[in-house]
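Read the structure below first, then the notes.
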Amino acid sequence: MAPAKSVKPVTEIFITKNRTTRLASKPLSVVNGNQPRVKRKADASPVKDTIATKRSALGDVTNQKKTLVHINKAKQTITNVPKKVTVKSTVLPSVKTVVKPKQNENAAPPNAPAQKVQTRASLRNSDVNSTALKPKETSKDPRVKTRLSNEFEKSEVSLYSSALEEINDSTRLSSGPPVTRSQTSQVSKSANVTLVALQLETQLNLGNHEVPDGVTDFDKENWNDVFQASHYTMDIFNYLKSREPLYTVRDYMDSQSCLTRWMRSLLVDWMVEVQESFELNHETLYLGVKLVDYYLSKVIISKEILQLVGAASMLIASKYDERIPPLIDDFLYICDGAYTHKELVRMEINILKVSDINLGFPLSYRFLRRYARCLKISMPVLTLARFILEYSLMDYGTIFTPDSKLASASLYLALKMKQLQPWNKALEFYSGYKLEQIMSTVHLLNTGLHRKPREQLMTIRNKYSHKIFFEVAKTPLIKNEDLF
């Protein structure tokens, strides 16, 4: 959880269409000359009334309003309904159970005597008398096609009866019950599902949990813990790793004529401050940055709406990963009123359309947490790896590297900076990378740490310089020659 910070102004990055970049700072504690707002847990966030409840991020999407006149009319109509309603016991033709009568049912046998043949009038009288005394018998012929009755004519038989389909005699087996079309379709569907499951199992190497010698099986140790999901954790991360090529971001900065790498770094620094102010999950921050890069690789924008893209991406990521996401008004407030409610909602819709509402990005933070848990890394070392990984979000050169490789490289660099065993068989097994495969990424991350920090990009360093994060940002750096 982020430490409590002193009240400081949040610098506007890209405000309105007529303003320049990096305007003067404005304190967030005073709005329109009114009284200063009382700070809540989330720094620089607007205070809500204690009586009002937290509404949905999109607000009231229904425009239906009931007035008092409509309510009175509804009450009046309810009171005018009679207490007892009689319904005729008529059955609609569409729901009536049809029983086909046998041919020549009322005709006499060919060799029967004439005195035993009844007339039509006597048959009608006998049918009326028999129906009045005996219940109506249903046909027991399985070939008769019946329909399931509705609520008007439910009985003990119709509650448990199902529709019987007419089938040919060729599909009926001599020794066994008849096979219906629904059963044959279910068999074909199950066969297709089994085939797809086998293909996925072969492609993703599912179920391959054979741990090499000398490596502790972390999943087996937590096999009976229902919150660990140890039965299929390895399969989940194998699946996420296989989907990384689907989310590859191309080099879009050359096509964005109005943007620069410095502007993107400023935006990411501002998004980290939003995550810290609203106390959001780290997964929300990583997903928001991913959405920004993915959207900019598909759509060319101007610098005036770059901050709007970042705010909308954080709003989408909050809805996806947060239990109680911030409101739209919170994001409008943190942007210092540079955009309207309608503009933010439109940008949110555009980002979802471009991403095809596919928000299951494989995040480097999830891989890092998995690797650290399997190796039982201490919290100070894990926090240092988190600082390295989060600091790399501002580096444009890291967006082309797979997230699983970024997580492995940051953990290796953290272990090396703490003078611990950097790489072993366990890391190689759980990450799927050998040391030679991640060394180029390790050099990239270490080079970013050696750059001289700028005053405008100090949010992450100040965040991880606090005692809550073990002051890992003050850890001495190492040279690239000492990484092996």
Side-chain angles (χ1 to χ4, degrees), residues 212 214-216 218 237 240-241 244 248-249 251 261 264-265 268-269 272 282 286 289 293 362-454 457-465 469-484:
V215 178
T216 304
F218 176 78
F237 283 92
L240 291 176
K241 193 174 180 181
E244 286 180 332
T248 303
V249 180
D251 189 1
R261 298 188 179 187
R264 180 191 175 276
S265 300
V268 174
D269 183 84
V272 173
H282 285 85
Y286 282 80
V289 176
D293 290 327
L363 303 179
S364 56
Y365 187 83
R366 301 186 190 275
F367 287 103
L368 175 61
R369 187 167 52 186
R370 163 68 175 173
Y371 302 156
R373 285 176 61 85
C374 293
L375 271 71
K376 300 179 181 179
I377 301 296
S378 61
M379 187 56 65
V381 179
L382 175 59
T383 307
L384 178 59
R386 287 168 53 187
F387 164 69
I388 298 172
L389 193 62
E390 190 169 331
Y391 196 78
S392 67
L393 292 176
M394 296 186 298
D395 190 357
Y396 178 77
T398 61
I399 67 174
F400 315 109
T401 307
D403 287 69
S404 58
K405 186 176 291 187
L406 282 173
S408 303
S410 62
L411 184 57
Y412 173 84
L413 185 56
L415 292 172
K416 198 70 176 178
M417 293 171 64
K418 290 292 185 179
Q419 298 179 359
L420 299 175
Q421 179 65 28
W423 203 257
N424 49 26
K425 292 183 179 180
L427 268 174
E428 183 177 344
F429 170 72
Y430 286 108
S431 65
Y433 292 105
K434 295 182 179 181
L435 183 58
E436 298 80 15
Q437 296 175 331
I438 65 171
M439 284 309 301
S440 59
T441 307
V442 173
H443 283 283
L444 179 63
L445 297 179
N446 194 36
T447 303
L449 293 177
H450 278 274
R451 291 195 188 98
K452 184 179 180 180
R454 300 189 181 183
L457 304 177
M458 292 295 295
T459 302
I460 298 179
R461 285 189 176 271
N462 295 335
K463 173 182 176 181
Y464 285 93
S465 297
F469 296 104
F470 305 101
E471 300 180 353
V472 295
K474 302 178 182 179
T475 305
L477 303 178
I478 59 176
K479 298 180 180 180
N480 289 334
E481 294 80 9
D482 301 333
L483 292 176
F484 291 97

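As the structure is a prediction and not an experimental result, all values here were calculated from the model.
When side chains are defined from C-beta on, R264 counts as touching I399, because their heavy atoms get closer than 4.5 Å. Side-chain contact between F470 and T475: absent, with no pair of heavy atoms (C-beta onward) separated by less than 4.5 Å. Contact annotation: the side chain of L444 approaches that of D395 to within less than 4.5 Å [non-hydrogen atoms, C-beta and beyond].
A search for side chain to side chain contact (heavy atoms under 4.5 Å, CB included) contacts involving E244 returns K241, P362, F367, P402, D403, S404, Y433, not counting sequence neighbours. Residues satisfying the side chain to side chain contact (heavy atoms under 4.5 Å, CB included) criterion with P212, sequence neighbours excluded, are V215, F429. Checked against side chain to side chain donor-acceptor pair (under 3.5 Å), Y286 has no partners two or more places apart in sequence or in another chain. In this structure, Y430 has no side chain to side chain donor-acceptor pair (under 3.5 Å) partners at least two apart in sequence or on a different chain. The side chain to side chain contact (heavy atoms under 4.5 Å, CB included) check on T216 picks up E221, with sequence neighbours excluded. With sequence neighbours excluded, no residue satisfies side chain to side chain donor-acceptor pair (under 3.5 Å) with N424. Considering only residues two or more places apart in sequence or on other chains, R461 meets the side chain to side chain contact (heavy atoms under 4.5 Å, CB included) condition with F387, Y391, P453, M458.
The structure places CG of L445 at 8.0 Å from OG1 of T401, a figure rounded to the nearest 0.5 Å. Between the OG atom in S364 and the CG atom in L389 there is a gap of 3.5 Å [rounded to 0.5 Å]. How far CG of L240 is from CZ of R366: 8.0 Å, rounded to the nearest 0.5 Å. To the nearest 0.5 Å, atoms CD1 (I388) and CD1 (I460) are separated by 12.5 Å.
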Donor-acceptor contacts, no H, no angles, side chain residues 368-375, under 3.5 Å, sequence neighbours left out:
| unit_1 | atom_1 | unit_2 | atom_2 | d |
| --- | --- | --- | --- | --- |
| R369 | NH1 | E283 | OE2 | 2.9 |
| R369 | NH2 | E283 | OE2 | 2.8 |
| R370 | NH1 | D219 | OD1 | 3.2 |
| R370 | NH2 | D219 | OD2 | 3.2 |
| R373 | NH2 | Q228 | OE1 | 2.6 |

Only pairs under 3.5 Å count here: list side-chain donor-acceptor contacts from residues 410-419, not counting sequence neighbours, and write none if there are none.
| unit_1 | atom_1 | unit_2 | atom_2 | d |
| --- | --- | --- | --- | --- |
| S410 | OG | L406 | O | 3.2 |
| S410 | OG | A407 | O | 2.9 |
| Y412 | OH | L483 | O | 2.4 |
| K416 | NZ | F484 | O | 3.0 |

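Across A409 and V442, no two heavy atoms sit closer than the pair CB-CG2, 3.6 Å.
Sorted by first and then second residue, the salt bridge (Lys or Arg N to Asp or Glu O under 4.0 Å) pairs involving residues 471-484 (not counting sequence neighbours) form an empty list. Under the side-chain hydrogen bond (donor to acceptor under 3.5 Å, both in side chains) criterion, the residue pairs touching residues 434-454 are N446-N480, with sequence neighbours excluded.
Taking the six-membered ring where tryptophan is involved, the planes of Y464 and F469 are tilted, since the angle between them lies from 30° to 60°.
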